[in-house]
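In what follows, residues are counted from 1 in the order of the sequence shown.
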Amino acid sequence: MASLQITLIGGPTALIEIGGFRLLTDPTFDPPGDYQLPHVTLTKLGLPALTADQVGAVDAVLLSHDQHSDNLDNAGREFLARAVRVLTTEIGAKRLGAPVEGLAPWSTTTLAKPGTQPLGITATPARHGPAGIEPLAGDVIGFVVTPANGRPVYITGDTVWYDGVAEVARRFKPGLVIPFAGAARTRGPFHLTMDTNDVVETAHQFADAVIVPIHHDSWAHFTQSGEDVEKTFNALGFGPRLRLLKPGIETTIEY
């Protein structure tokens, strides 16, 4: 059985320590406040559980997309310089500039450093809402992290359940899945990230994976909480596979 350490910082931001590497998902370190985007105002409600200084240097930032402030805020942009590598969408890499690296879905790169075995990173498809949302929401990717020893870890990024996520289940057999939950709503009566039904569908398709949801706290447009996921999992018999993180607490997950 493999294990890793994960610390929830808030929203989509988590520090993952696996195979001797420190990875950070979607950096958001700003204090509470409003962010005016072209079609909506996003409101951050909570402080990050750890500051950027407390997190320190990381080997890679896994950035699902750069165009929304709840996935990359002002302090998060500054944090990118602390990472040895930053991996994101191809268009995001063009916007952010070198040395940020763009990955197309299903493309793979390798993290390496002295004294550790290489860590594989594969970009995965994501759809940030219902069919037809792509021109409005822009490109998003998730990531499959494959250690030299042990099963892969799948980080969905901002996506709903759709065939692209199902294809990840067909191509990989991750032992741990990190869904971006919260049923985010900004544009109308439809969600832009996984709701409880989507997270359950994910658990069903990744049939023996541990499920560790994030992206369900700290922002006003998140309409479902981690507790909502927990209640749903318990009602449907998936409860033993769920791990809810407490912000700021390093948690060892065995999978």
Side-chain angles (χ1 to χ4, degrees), residues 11-12 14 16 25-26 62-68 70-71 87-93 101-109 120-146 151-216 221-224 226 228-229 232-233 235-238 241-242 255:
I16 301 169
T25 61
D26 293 7
L62 305 182
L63 177 60
S64 68
H65 59 301
D66 70 302
Q67 64 266 30
H68 297 146
D70 58 327
N71 295 87
L87 308 177
T88 191
T89 63
E90 292 181 305
I91 187 64
E101 303 168 54
L103 296 176
W106 307 124
S107 62
T108 297
T109 189
I121 308 289
T122 300
T124 59
R127 194 180 74 198
H128 201 348
I133 196 69
E134 295 88 345
L136 301 176
D139 291 353
V140 182
I141 55 174
F143 301 92
V144 171
V145 178
T146 304
R151 295 174 64 185
V153 174
Y154 173 35
I155 304 161
T156 69
D158 274 14
T159 188
V160 297
W161 173 265
Y162 80 115
D163 190 60
V165 178
E167 183 63 23
V168 178
R170 290 188 283 267
R171 296 193 185 201
F172 295 91
K173 298 298 179 186
L176 191 153
V177 177
I178 303 175
F180 279 33
R185 287 189 179 188
T186 63
R187 292 180 175 269
F190 53 86
H191 58 274
L192 303 173
T193 59
M194 289 193 181
D195 66 1
T196 53
N197 286 10
D198 289 338
V199 181
V200 165
E201 188 69 44
T202 300
H204 176 71
Q205 293 295 328
F206 296 87
D208 62 348
V210 177
I211 307 297
V212 186
I214 62 173
H215 193 280
H216 51 68
H221 61 289
F222 295 173
T223 65
Q224 293 181 348
D228 291 325
V229 177
T232 304
F233 268 53
L236 296 174
F238 292 96
R241 293 172 50 204
L242 181 69
Y255 63 97

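Taking the side chain to side chain contact (heavy atoms under 4.5 Å, CB included) definition, one finds that S107 meets it with L103, A104, A123, sequence neighbours left out. Residues meeting the side-chain hydrogen bond (donor to acceptor under 3.5 Å, both in side chains) test with T122, sequence neighbours left out: T108. For D66, the salt bridge (charged side-chain N to carboxylate O under 4.0 Å, His left out) partners are R95, not counting sequence neighbours. By the side-chain hydrogen bond (donor to acceptor under 3.5 Å, both in side chains) test, T193 pairs with no residue at all, sequence neighbours left out. Partners of E101 under the salt bridge (charged side-chain N to carboxylate O under 4.0 Å, His left out) rule, at least two apart in sequence or in another chain, are R85. Qualifying ring-ring contact (aromatic ring centres under 6.0 Å, His included) partners for F238, counting only residues two or more places apart in sequence or in other chains: F233. Evaluation of the side chain to side chain contact (heavy atoms under 4.5 Å, CB included) rule for R171 yields W106, E167 as partners, not counting sequence neighbours. Contacts of D198 classified as side chain to side chain contact (heavy atoms under 4.5 Å, CB included), with partners at least two apart in sequence or in another chain: V160, W161, H191, M194, D195.
A donor-acceptor pair shorter than 3.5 Å can be found between the side chains of D70 and H221. S64 and D26 form a side-chain donor-acceptor contact under 3.5 Å, judged by distance and modelled atom types alone.
Taking all atoms of both residues into account, the shortest heavy-atom contact from P179 to I211 is CG-CG2, 3.7 Å. Shortest non-hydrogen contact noted between T146 and P152 is OG1-CB, 3.9 Å. Counting all heavy atoms, side chain and backbone alike, R241 lies closest to A203 at NH2-O, 2.9 Å. Nearest heavy atom pair, residue P12 against residue F180, reads CB-CE2, 3.7 Å.
Evaluation of the salt bridge (charged side-chain N to carboxylate O under 4.0 Å, His left out) test over residues 199-216, restricted to residues two or more places apart or in two chains, returns R151-D208.
Looking only at distances, a side-chain donor or acceptor of H215 sits under 3.5 Å from a matching main-chain atom of A181. Counting only distance, with no hydrogens or angles, the side chain of T109 and the backbone of I121 share no donor-acceptor pair below 3.5 Å. T196 places no side-chain N or O within donor-acceptor distance of the main-chain N or O of D228, the cut-off being under 3.5 Å.
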Only distances under 3.5 Å count here; give the side-chain donor-acceptor pairs of residues 124-144 to other protein atoms, sequence neighbours excluded, each with its distance to 0.1 Å.
unit_1: T124; atom_1: OG1; unit_2: G142; atom_2: N; d: 3.4
unit_1: T124; atom_1: OG1; unit_2: G142; atom_2: O; d: 3.3
unit_1: T124; atom_1: OG1; unit_2: F143; atom_2: N; d: 3.3
unit_1: R127; atom_1: NE; unit_2: G129; atom_2: O; d: 2.9
unit_1: H128; atom_1: ND1; unit_2: L192; atom_2: O; d: 2.8
unit_1: H128; atom_1: NE2; unit_2: H68; atom_2: ND1; d: 3.4
unit_1: H128; atom_1: NE2; unit_2: D158; atom_2: OD2; d: 3.2
unit_1: E134; atom_1: OE1; unit_2: G132; atom_2: N; d: 3.2

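Contact check for V200 versus T232: side-chain heavy atoms found under the 4.5 Å cut-off.
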task = With side-chain contact (heavy atoms from CB on, under 4.5 Å) as the test, would you mind laying out the steps for V153 and I16 before giving the verdict?
result = CA-CA 10 Å; V153 174; I16 301 169; 5.6 Å; no
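In this structure, CG on L63 lies 9.5 Å from OG1 on T25, to the nearest 0.5 angstrom.
F206 has its ring centre less than 6.0 Å from the ring centre of Y154.
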